[in-house]
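In what follows, every chain begins at residue 1, and chains take the letters A, B, ... in the order their sequences are listed.
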Protein chains: 2
Amino acid sequence: MSRSTQTTRERILDAAEKLFADRGFHGVSVREIAREAGVDVALVNYHCGRKSDLFETVFLRRAETLNSERLAMLKACRDAAAPAPPALEDIIDAFTHPLLNRSAHGGPGWKRYFALVAQVNNSPELAPIGMTKYFDPLVQEFIAALREALPEAAEEDIFWSYHFLSGALTLTFAETGRIDQLSGGVCRSSDLDSVHARLVPYTAAGFRRLCQPR
Amino acid sequence: MSRSTQTTRERILDAAEKLFADRGFHGVSVREIAREAGVDVALVNYHCGRKSDLFETVFLRRAETLNSERLAMLKACRDAAAPAPPALEDIIDAFTHPLLNRSAHGGPGWKRYFALVAQVNNSPELAPIGMTKYFDPLVQEFIAALREALPEAAEEDIFWSYHFLSGALTLTFAETGRIDQLSGGVCRSSDLDSVHARLVPYTAAGFRRLCQPR
DNA sequence: GTCTATAGCTTGATAGAC
DNA sequence: GTCTATCAAGCTATAGAC
C-alpha cells in the first residue's frame, strides 16, 4: 500500500512501530512519532489515544495474523501425523517459520515489529504485559503438542527447553548486527533464512537431549 | 558492604543499575536515580558525569570481573584436556557458569546487572556499543575454543550456534517471570541453578547437531 | 563533596478554532 | 479530521555558595 493511500492512523502506527523498535517505549516521544509520520502532534492522540495505548496497539496489530498462521501450521502437522504424535521438528517449524518468514520477506514493517518483540520479551517491565497477553495462549498450544511429541519428558524440561527456544528466536529478531561484527561478515543478522535452517535442528536437538530418557 | 559505608558514587551506581535494569536507559531519569540513591541530583553529575557516561560505567563495572573469571575457567578446561581439544560441554560451562552463578548467588546487584545485559543484548540501539565493546573480545576466545572442540564445523555454523546460546542465556538473565506464568509455577525464573543444569546439555546438543558431519 | 537555584528544553496531553 | 496554541510537569546539566 502506497504512502499516500494509507490512513493517518496507519501512518502513525507505522512510524511508532519503527521508532519503538529502534529505541524502545521510553526512548521515543509522541512528537517524534508525529514527525516521522508527517502528521500533527495532536493527531496522534486523536487517532491512537495516549502513548501507552499506542504502544499496545502497535504490539497487538500484527500478533493476531501471526498467531492464527502459526496455529494453522501446527494443526496441519498434527493432522498429517495423526494418529501418531507430530514430529518435533515440525512443531518447532510451525512455531518459528511464520515469524522468521515474515521478518525476512514480509517487508520493513514486519521486520521492525519483530525487533520490537525481541525487546519486549527481554524487558522485566514490558514482558509480563505484552508477551503474556498476546502470545502465551498460543504458546500453551505448542507446549501441548511438544508434550505429545516427547511423551517421556518432565514438565520442567519442556518449559525450559521452550524458554531457550524463545530466547534464541527473539535475539535473532533483534538483528542488532552483533553476529555480523563478531563473525567478521561470515554471518549476517538479516539472513533469516539461514538462521531458520539452523534454528530448527539446533533447538530440536536440545529438546531431545533434555526431554528424552538418557 | 553496608549502605552507610558505601561511597556516594557507589550508591549512585547501584541505584542506576537497579533502575536501568528495570526500565532501560530511556525509562529512567537522573532525578530518579538520585532519589533512589538518597542523594542530591547534582551529585550524580559530579560523581558520574552525564547520563550516558553513568550508563556506560554501570555496564562496564562488573564486566571485567566476569570476563577474567570466564577466561580463567576456559584456560583451566583447555589445560586439563591438553593436548586434546577441550570438551564442548566444558567450554559452554566456562562461558555460562560464572554468569549464572553470580546472578543466582552474587546478590541483588549482580542479578540486576544481568537483567540489564539482557536488555542491551536485544537492543538495536545499545547492543552495537555495549556488547561489542565489553564482551566480544572474550567471545572470540570462546569461538576459538569451540573451533578446536568441533574441528569439522563450518564457521557459519559455529557463529550461529553461539548466537542461539547467547539468546537463550540472556533471556534467562532477564527474569521476566514469563516462564513462571506459562508453566503455572512449575518453573521459576529465579531458579538459575536449574537453568544452568539444562542450558549446558541443551546447547551442547544443538552445537553438535549443527557442527558435526551428518 | 554537598547543596540551592535555575537555565533552557522537551515531555504528554488537551482545549478550542476551523 | 486537522491544526494552533498552550499548560503544567518533568527533563538534563551546570553555575556558584558553602
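For A:T8, no side-chain nitrogen or oxygen approaches OP1 or OP2 of D:dG1 to under 4.0 Å. Checking the phosphate oxygens (OP1, OP2) of C:dT10, no side-chain nitrogen or oxygen of A:S29 falls inside 4.0 Å. The phosphate of D:dT2 (OP1 or OP2) has a side-chain N or O of A:H47 nearer than 4.0 angstrom.
Counted within 6.0 Å of CZ on A:R61, heavy atoms from surrounding residues, nucleotides or ligands total more than 12; the atom is thus considered enclosed. Other residues, nucleotides and ligands contribute over 12 non-hydrogen atoms within 6.0 Å of the CZ atom of A:R147.
Ion pair B:R70/B:E141 not flagged as a salt bridge, since none of the NZ, NE, NH1 or NH2 atoms sits closer than 4.0 Å to an Asp/Glu carboxylate oxygen.
Across the protein-nucleic acid pair, B:H26 atom NE2 and C:dT11 atom P stand 12 Å apart, rounded to whole Å. In this entry the distance linking CG of B:L54 with P of D:dC11 reads 15 Å, nearest Å. Rounded to whole Å, atom P of C:dA5 lies 15 Å from atom CG of B:L43. In this entry the distance linking CD of B:E32 with C1' of D:dC11 reads 11 Å, nearest Å. The separation between B:I33 atom CD1 and D:dC11 atom P is 11 Å, rounded to whole Å. Separating the CZ atom of A:R31 from the C1' atom of D:dA9 is a distance of 13 Å, rounded to the nearest angstrom. Atom CZ in A:R11 sits about 13 Å away from atom C1' in D:dG1, given to the nearest Å. Distance, B:R23 CZ to D:dG10 P: 14 Å, rounded to whole Å.
For the residue pair B:S166/B:N121, the side-chain donor-acceptor check at 3.5 Å is satisfied.
Backbone-only engagement by B:R50 is indicated by non-hydrogen atom pairs under 4.0 Å involving sugar-phosphate atoms exclusively. Residue-level contact check: A:V28 touches the backbone only, with heavy atoms under 4.0 Å from sugar-phosphate atoms and none from bases.
Without hydrogens or angle criteria, A:E32 side chain to A:S29 main chain gives a donor-acceptor distance under 3.5 Å.
Of the candidate nucleotides C:dC3, D:dC3, C:dG12, C:dC3 has the atom lying nearest to any side-chain atom of B:D40. For A:N45, the side-chain atoms get nearest to C:dA13 when compared with the rest of C:dA13, C:dG1, C:dT4.
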